[in-house]
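Step one of this worksheet: look at the structure below.
Worth saying up front: this structure is predicted, and the values here are computed from it rather than measured. Because only heavy atoms are used, hydrogens play no part in the values below, and waters and symmetry mates are left out as well, while side chains stay in.
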Amino acid sequence: MSARILFLIGFVFASVSCDKAKDLTAKMVKTVQETVTSKRGLKEKLKPVDPALQKLVDQTADGAIFRRDLSFPTRLEVRTTRRHEMSFRTYQESAIEKGASKVNSTLAETSKFERAGELIRYIPESSSITDAATEDPKSTKKDATEPVAKSVPTPPPVAFRKSGKTWLADERGNFHAAMLAQQLSPVFDVLLADNALAPRPNWLGKQRLKIGTSLVVTGDSLGLLIAGDAKGSLRLKLESFEPVDGHPCGVFSVAGDYSRKQFPDFNGNLTDQDVTIQTGKLWLSLLYPVILREELDTIESSKSGGHGGLVKRGQGFVKVSVTRAWKPLAP
């Protein structure tokens with residue numbers, strides 16, 4: 001599609017004056033974008049909503065309520081797919097080494113999570129990094145510009161169980177899991193909310209929202225969108241109602257800025273972030289306080305590591321795509 005657009009733009013510039021070409025080009029690109037968007041939207045809307053879930057939706061002509069009154073499932077299976085397209089400059093430093101590099105690559109990860117009451121299993125399934133395509137002007141081979149995906153070793157599965165207010169490794173003698181549990185226990189609730197294993201706080205309340213409704217989310221309310229101790233302000237607008245894997249959702253456009261400190265992941269990494277969301281969309285469940293899909297274009301500054309180990313800093317553009325296949329299980 002992009003090659004065809006470039007050909008059409010070149011044809012226009014060769015046929016008319018510069019000013020007219022610019023005007024026609026802008027209209028042409030807009031038409032193509034609208035056509036692609038329309039086809040993409042139609043394709044997604046053709047996926048049916050689960051009839052059993054649709055019966056639970058509270059929606060009238062006056063709008064929909066994003067429910068939080070249903071009992072949150074105690075048994076869940078969530079498969080999360082993350083894709084980060086990065087144009088990033090990174091800096092690394094330790095007690096003995098420093099260095100800088102430029103990153104133009106795509107990181108893709110798929111992980112499975114299982115929750116059975118106070119037992120959480122984290123099962124990494126796949127991880128890969130694809131370097132951006134590069135051109136060699138001296139090469140005549142078509143595959144000279146094709147990116148190559150490189151598999152990344154995935155960490156072993158781990159299980160955690162809550163004991164009182166503390167999360168511990170579920171397997172005795174597993175030193176890796178025990179150390180990870182000790183590190184993550186203070187922030188474990190953040191991990192659960194971010195991975196749709198627990199309800200997000202400060203949900204959208206009892207107000208019915210219509211398509212076109214705009215909201216500003218800031219202060220303590222940021223928890224409904226950004227897991228962890230976040231500060232900033234995000235602007236939301238309800239654009240449509242669409243399903244994610246059969247689950248009914250409201251689709252919001254989002255833009256704004258936020259920062260957060262010591263944001264964790266299940267591998268024990270803690271990251272400080274300053275993020276500007278230039279454009280994006282969020283798919284919020286109409287039934288439970290969970291976010292099932294994210295598509296974001298961001299500018300990010302981050303710092304991860306510490307505790308005497310390798311410190312990584314980065315700054316640049318990141319295109320984020322996250323999909324959570326969310327499946328309650330029978331008790």
Residues which pass side chain to side chain donor-acceptor pair (under 3.5 Å) with [X], listed by chain and number, not counting sequence neighbours:
| X | result |
| --- | --- |
| Gln315 | Ser301 |
| Lys231 | none |
| Gln54 | none |
| Arg75 | none |

More than 12 heavy atoms from other groups under 6.0 Å of CZ on Arg208: yes
Is the number of heavy atoms from other residues, nucleotides or ligands under 6.0 Å of Arg121 CZ greater than 12? no
Set of residues satisfying ring pair (Phe, Tyr, Trp, His ring centres under 6.0 Å) with respect to Phe113, sequence neighbours excluded: Tyr122, Phe266
Taken in chain and number order and not counting sequence neighbours, the residues that satisfy ring pair (Phe, Tyr, Trp, His ring centres under 6.0 Å) with Trp167 are Phe188
Atom [atom1] of [X] and atom [atom2] of [Y]: how far apart are they, to the nearest 0.5 Å?
| X | Y | atom1 | atom2 | value |
| --- | --- | --- | --- | --- |
| Glu300 | Tyr258 | CD | OH | 6.5 Å |
| Asp58 | Thr60 | CG | OG1 | 7.0 Å |
| Trp326 | Thr80 | CH2 | OG1 | 12.5 Å |
| Gln273 | Ser259 | CD | OG | 9.5 Å |
| His84 | Thr106 | NE2 | OG1 | 10.5 Å |
| Glu109 | Thr81 | CD | OG1 | 10.0 Å |

Under 4.5 Å between side-chain heavy atoms, hopping through other hydrophobics if needed: is there a path connecting [X] to [Y]?
| X | Y | result |
| --- | --- | --- |
| Leu284 | Leu292 | yes |
| Val158 | Leu192 | yes |
| Leu329 | Phe72 | no |
| Met179 | Ile120 | no |
| Val190 | Tyr288 | no |

Is there side-chain contact between [X] and [Y], with at least one heavy-atom pair below 4.5 Å?
| X | Y | value |
| --- | --- | --- |
| Leu287 | His247 | yes |
| Asp131 | Lys150 | yes |
| Phe88 | Ser302 | yes |

Quick one: list whatever passes side-chain contact (heavy atoms from CB on, under 4.5 Å) with Glu294, sequence neighbours left out. Leu282, Ile291, Leu296, Val322, Arg324
Using side-chain contact (heavy atoms from CB on, under 4.5 Å) as the criterion, list what pairs up with Thr213, not counting sequence neighbours. Leu209, Lys210, Leu215
Do you know which of Thr298, Asp257, Asp297 makes side-chain hydrogen bond (donor to acceptor under 3.5 Å, both in side chains) with Thr276? Asp257
List the residues meeting salt bridge (charged side-chain N to carboxylate O under 4.0 Å, His left out) with Glu77, not counting sequence neighbours, and say none if there are none. Lys112
Please name all residues satisfying salt bridge (charged side-chain N to carboxylate O under 4.0 Å, His left out) with Glu118, sequence neighbours left out, ordered by chain then number. Arg115
Which heavy atom of [X] sits nearest to which heavy atom of [Y], and what is that distance?
| X | Y | answer |
| --- | --- | --- |
| Gly246 | Leu53 | O-CD1, 3.9 Å |
| Ser321 | Glu295 | OG-OE2, 3.0 Å |
| Gly268 | Leu184 | CA-CD2, 4.0 Å |
| Ala64 | Gln59 | CB-CG, 3.8 Å |
| Pro156 | Pro124 | O-CD, 4.1 Å |
| Ser304 | Thr271 | CB-OG1, 3.4 Å |

Cut-off 3.5 Å, no hydrogens considered: what does the side-chain donor-acceptor table look like for residues 198-206, sequence neighbours left out?
unit_1 : atom_1 : unit_2 : atom_2 : d
Arg200 : NH1    : Leu225 : O      : 3.2
Asn202 : ND2    : Asp220 : O      : 2.7

Counting distance only, does the side-chain N/O of Asn195 pair as donor-acceptor with the main-chain N or O of Leu191 below 3.5 Å? yes
Main-chain N/O of Asn267 paired with Asp265 side-chain donor or acceptor, under 3.5 Å: yes
Using 4.0 Å as the upper bound for N to carboxylate O, is an ion pair formed by Asp194 and Arg260? no
For the pair Lys261 and Asp229, evaluate side-chain contact (heavy atoms from CB on, under 4.5 Å) and give the outcome as yes or no after the intermediate values. CA-CA 7 Å; Lys261 301 290 186 180; Asp229 185 14; 5.9 Å; no
Can Thr323 and Trp283 be said to form a side-chain contact (heavy atoms from CB on, under 4.5 Å), step by step? CA-CA 9 Å; Thr323 302; Trp283 281 252; over 6 Å; no
So Ile226 and Leu234, side-chain contact (heavy atoms from CB on, under 4.5 Å) or not? Walk me through it. CA-CA 10 Å; Ile226 308 298; Leu234 297 176; 3.9 Å; yes
Quick one, Leu222 with Ser233, criterion side-chain contact (heavy atoms from CB on, under 4.5 Å). Give me CA distance, side-chain angles, the key distance, then yes/no. CA-CA 8 Å; Leu222 270 176; Ser233 179; over 6 Å; no
Taking atom types as modelled, find out whether Asn104 and Ser87 have a side-chain donor-acceptor pair closer than 3.5 angstrom. yes
Where at least one partner belongs to residues 153-164, residue pairs that pass side chain to side chain donor-acceptor pair (under 3.5 Å), sequence neighbours excluded: Arg161-Asp170
Apply the test side chain to side chain donor-acceptor pair (under 3.5 Å) to residues Glu239 and Ser253: give CA-CA distance (whole Å), side-chain angles for both, the deciding distance (0.1 Å), then the verdict. CA-CA 7 Å; Glu239 302 286 353; Ser253 59; 2.8 Å; yes
